[in-house]
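Working notes, beginning with the structure itself.
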Amino acid sequence: MQKFTSVTGIAVPLQRSNIDTDQIIPAVFLKRVTKTGFEDALFHGWRQDPEFVLNREPFTQGTVLVAGPDFGTGSSREHAVWALRDYGFQVVLSSRFGDIFKGNCGKQGLLAAQLSEKDIETIWLIIDEQPGVEVTVDLIAKTVTAGKSGFAFEIDEYTRWRLLEGLDDIGLTLRDEARITEFEAKRESWRPKTLPAR
Amino acid sequence: MNSTPKTLAEKVWEDHLVVKGENGTPDLIYIDLHLVHEVTSPQAFDGLRQAGRPVRRLDLTIATEDHNTPTLAIDKPIADLTSRTQIQTLRNNAAEFGVRLHSLGDIEQGIVHVVGPQLGLTMPGITVVCGDSHTSTHGAFGAMAFGIGTSEVEHVLATQTLPLNAFKTMAITVEGTLRPGVTAKDIILAVIAQIGTGGGQGYVLEFRGSAIRALSMEGRMTICNMSIEAGARAGMVAPDETTYAYLKGRAHAPEGRDWDDAVAYWDTLPTDDGAVFDAEVFLDANTLEPFVTWGTNPGQGVSLSESVPDPAAFDDVNDRAAAERALQYMDLDAGTPMKDIRVDAVFMGSCTNSRIEDLRAFASIIEGRTKADGVRVMVVPGSARVRIEAEAEGIDKIVLAFGAEWRFAGCSMCLGMNPDQLAPGERCASTSNRNFEGRQGKGGRTHLVSPLVAAATAIRGTLSSPWDLENSPVPQSDPTTQAAAKVGA
Ligand code: SF4
């Protein structure tokens, strides 16, 4: 995973609440077996509408998505994160994220930054006044700068550290392999076993 | 031993701590059971292959095919090429890595959340994960069970652990006695309408109270299944005699000495008196009525006897906007009585309501009747084994005589990844768990209901409860006499 420090890019306003992962990427696209190439699937239902924000200039070039509350709720599909990433988004700002979605973001190098609802609305206003405005999201300072205004965002420290270091999860865990083996030695024999099949 | 009182969730968590996190790092939690299906696993196996890693514990891993499988002509090659590829990819991966797989045609094939409990693999006090949000289903046994993303699937395959931050706990206490005709599905729909689709975020919900204790395992699974629709990571019910009776004798349930040891441990799991939850919610079971959704998220629901709400009545601007959009998508007018709404289809299935008890409940209402004209009714058992069990009881005959379709097991129209989909504009009463836009097919409109409401709706052609049927096997009773009868008993 690449190290993430800061991103500057066009902010895209998505003024809807409760955008579940079915809307981010409909189930038909989950049939693919690859991990990339999902850019065309992102918000597929809404993209049919020429007025949808991602179909309008300058937002087609966006890298920072500014969404309403409860973004990424519903299904656990990680494809939602792959689709956002493949499309070119590096950051999603919202006042509240679905838990699983937020976890998935951290694992794929997509920054899910949490701001207050008021700040999100302010950023929408700024974009409204200057469509195509570039915002800077700084993971070190945990700030979003839009125009002349600055906002603080929240992210849990562990995810932040891993994004900053670009660390792979499995490698990190396997540093504790001896502890895992030790734990396994003490597991009770009544616990479920799938093998041999009965 | 005067230790601090603990909740069920805390106990299970602590017993799976491999490494306690420090300075903001998450805990490393051991995973007892990993369920795998075709949709969220291909990229995980790919990751293992690229890194040259094996599956750490094949004996704690099991796979089944469910999301893409056809429910007709299952002996023919799958027509949709991408579906076929995804299933074939799982078969190849299972063979290459040595994972136990139940394929289409196998008696244990079915929806992953029906298969685990049916095999006796899901049990109290364990941790269960699956690359599927409805893994919360397994919490009905007093297990800590939650959905994970594909990266986490790879992580569990490689390490049998997950780095996780501790969850907050929420008690949802449901006291009283459900009236006949009101079910577990109505409880959970009412809970979600009360706390909202984000109300459970960051929490593990523990369902408690006399109404929960009175539920069968199937009913508890329905409730835990939909915990995720309230935004929660997991739902749990403390194990008791109902749990043990369900488990005992199943293929992978502990036996002999192991069984005794397990029960001794399981008996220690229920939340201690005096344990503190981070949040609490109460619901009265006595007055609950059959529940139904009107909108496009599971929190947008009302009692079936009510009307489509007016968006203007919502105080919160986001709720109001969401309601407006939902009514437009659902093609409904505020003020329309829910019971006036006609449906084109009824779907009886999904991991929420496709176990044998659900099929029995559905059959008990439709038996000896015929479906409404012009309504397409599909009955899809949750697993091949449930299907066989139902056929042994004659449920297939009741379903066919009613004019409904009797299908093979799988997720089917719950999400329409296979050919079972709504046409644009079609309206469906569905026993599944998600009424999102397009969930059951592009442009399809979903009303979430219980199996009993699905059955009554299939008979009348409009959203109905069994209370609305002539000569109903489940007539309406008065909630006050109901409560009084219980006190007297
Ligand atoms: S039945 Fe529906 S909710 Fe359940 S696992 Fe299948 S697709 Fe998911």
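Throughout, a chain's letter reflects where its sequence line sits, starting with A, and its residues are numbered from 1.
Centroid-to-centroid, the aromatic rings of A:Phe38 and A:Tyr87 stay 6.0 Å apart or farther.
If you measure heavy-atom distances from B:Thr61 to chain A, the contacts under 4.5 Å come from the backbone alone. Looking at B:Ile148, only its backbone comes within 4.5 Å of chain A, counting heavy atoms on both sides. Proximity to chain A (any heavy atom under 4.5 Å) is restricted, for B:Arg325, to the side chain, taken from C-beta onward. Using a 4.5 Å cut-off between heavy atoms, B:Met417 contacts chain A through both its backbone and its side chain. With a 4.5 angstrom heavy-atom cutoff, B:Glu38 does not touch chain A via any of its atoms. Looking at B:Tyr265, the atoms closer than 4.5 Å to chain A (heavy atoms on both sides) all sit in the side chain, from C-beta outward. Only the side chain of A:Thr73 has a heavy atom closer than 4.5 Å to any heavy atom of chain B. Proximity to chain A is absent for every atom of B:His34, based on heavy atoms less than 4.5 angstrom apart. Contact of B:Pro26 with chain A is made through backbone and side chain together, with heavy-atom distances under 4.5 Å. Residue A:Pro69 touches chain B through its side chain alone, counting heavy-atom pairs closer than 4.5 Å. Only the side chain of A:Gln108 comes within less than 4.5 Å of a heavy atom of chain B; its backbone N, CA, C and O stay farther away. Looking at A:Thr181, the atoms closer than 4.5 Å to chain B (heavy atoms on both sides) sit in the backbone and in the side chain alike. The contact between A:Asp169 and chain B is made by backbone and side chain atoms together, counting heavy-atom distances below 4.5 Å. Heavy-atom distances place both the backbone and the side chain of A:Tyr158 under 4.5 Å from chain B. Residue contact with chain B, scored on non-hydrogen atoms closer than 4.5 Å, involves the side chain of A:Arg77 exclusively.
Residue-environment remark: CD (A:Glu154) stays at or below the threshold of 12 foreign heavy atoms within 6.0 Å.
Looking at A:Glu78 and B:Ser151, their side chains do bring a donor and an acceptor atom within 3.5 Å of each other. A side-chain donor-acceptor contact under 3.5 Å links B:Asn68 and B:Ser83.
Proximity of a side-chain donor or acceptor of A:Asn104 to a complementary backbone N or O of A:Ser76 within less than 3.5 Å is detected. Distance alone, capped at 3.5 Å, is enough to place a donor-acceptor pair between the B:Thr40 side chain and the B:Gly131 backbone.
Note on B:Arg439 versus A:Asp22: salt bridge recorded, some NZ/NE/NH1/NH2 to OD/OE distance being below 4.0 Å.
In terms of heavy-atom pairs under 4.5 angstrom with chain B, the leader among A:Gly98, A:Ala80, A:Ala197 is A:Ala197. Looking only at heavy-atom pairs under 4.5 Å with chain A, the residue among B:Asp15, B:Leu58, B:Asp261, B:Thr85 that has the most is B:Leu58. Put simply, of B:Pro254, B:Ala51, B:Ala253, B:Ala262, the one with the most heavy-atom pairs under 4.5 Å next to chain A is B:Ala262. When each of A:Val33, A:Thr194, A:Leu195 is scored by its heavy-atom pairs under 4.5 Å with chain B, the top score falls to A:Thr194. Contact count versus chain A (heavy atoms, under 4.5 Å) is highest, among B:Ile228, B:Leu121, B:Thr296, B:Asn297, for B:Leu121. Taking A:Ala27, A:Ser189, A:Gly171 one by one and counting their heavy-atom pairs under 4.5 Å with chain B, the maximum is reached by A:Ser189. Each of B:Leu164, B:Leu119, B:Val153, B:Thr89 has some count of heavy-atom pairs under 4.5 Å with chain A, and the biggest count is that of B:Thr89. Note: A:Trp82 leads A:Trp82, A:Trp161, A:Phe101 in heavy-atom pairs under 4.5 Å with chain B. Taking B:Asp32, B:Thr82, B:Thr25, B:Asp46 one by one and counting their heavy-atom pairs under 4.5 Å with chain A, the maximum is reached by B:Asp32. For the set B:Asn23, B:Asp80, B:Leu33, B:Leu415, the entry with the most heavy-atom pairs within less than 4.5 Å of chain A is B:Asp80. Counting heavy-atom pairs under 4.5 Å between each of A:Leu174, A:Val81, A:Asp156 and chain B puts A:Leu174 at the top.
Judged as a salt bridge (charged side-chain N to carboxylate O under 4.0 Å, His left out), and not counting sequence neighbours, B:Asp316 has no contacts. A search for salt bridge (charged side-chain N to carboxylate O under 4.0 Å, His left out) contacts involving B:Arg56 returns A:Glu177, A:Glu184, not counting sequence neighbours.
Ring geometry, B:His37 versus B:His67: the interplanar angle falls under 30°, so the pair is classed parallel (tilted spans 30 to 60°).
Residues of residues 41-49 of chain A that come within less than 4.5 angstrom of chain B, heavy atom to heavy atom, are A:Trp46 in numerical order.
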Please tabulate, for the side chains in residues 122-130 of chain A, all donor-acceptor contacts under 3.5 angstrom to protein atoms that are two or more places apart in sequence or on a different chain.
{"unit_1": "A:Thr122", "atom_1": "OG1", "unit_2": "A:Lys118", "atom_2": "O", "d": "2.8"}
{"unit_1": "A:Trp124", "atom_1": "NE1", "unit_2": "A:Val66", "atom_2": "O", "d": "3.0"}

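Listed here is the closest heavy atom pair of A:Val12 and A:Gly62: CG2-CA, 3.6 Å. Contact record, B:Gly202 with A:Asp99: N-OD2, 2.8 Å, taken as the closest heavy-atom pair.
Side-chain contact between A:Phe59 and A:Pro131 is present, with at least one heavy-atom pair separated by less than 4.5 Å. Looking at B:Phe141 and B:Pro117, their side chains come closer than 4.5 Å, going by heavy atoms from C-beta outward. Proximity of A:Leu65 to A:Val91: side-chain heavy atoms (C-beta onward) are nowhere separated by under 4.5 Å.
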Using the salt bridge (Lys or Arg N to Asp or Glu O under 4.0 Å) rule, take A:Arg162 and A:Glu157 through it: C-alpha gap first, then chi angles, then the decisive distance, then the call. CA-CA 9 Å; A:Arg162 283 198 16 250; A:Glu157 273 310 304; over 6 Å; no
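Just one residue in the list B:Met226, B:His134, B:Gln440 forms a side chain to side chain contact (heavy atoms under 4.5 Å, CB included) with B:Arg434, and that residue is B:His134. Between B:Val18 and the choices B:Thr159, B:Asp27, B:Leu28, the side chain to side chain contact (heavy atoms under 4.5 Å, CB included) rule is met once, by B:Leu28.
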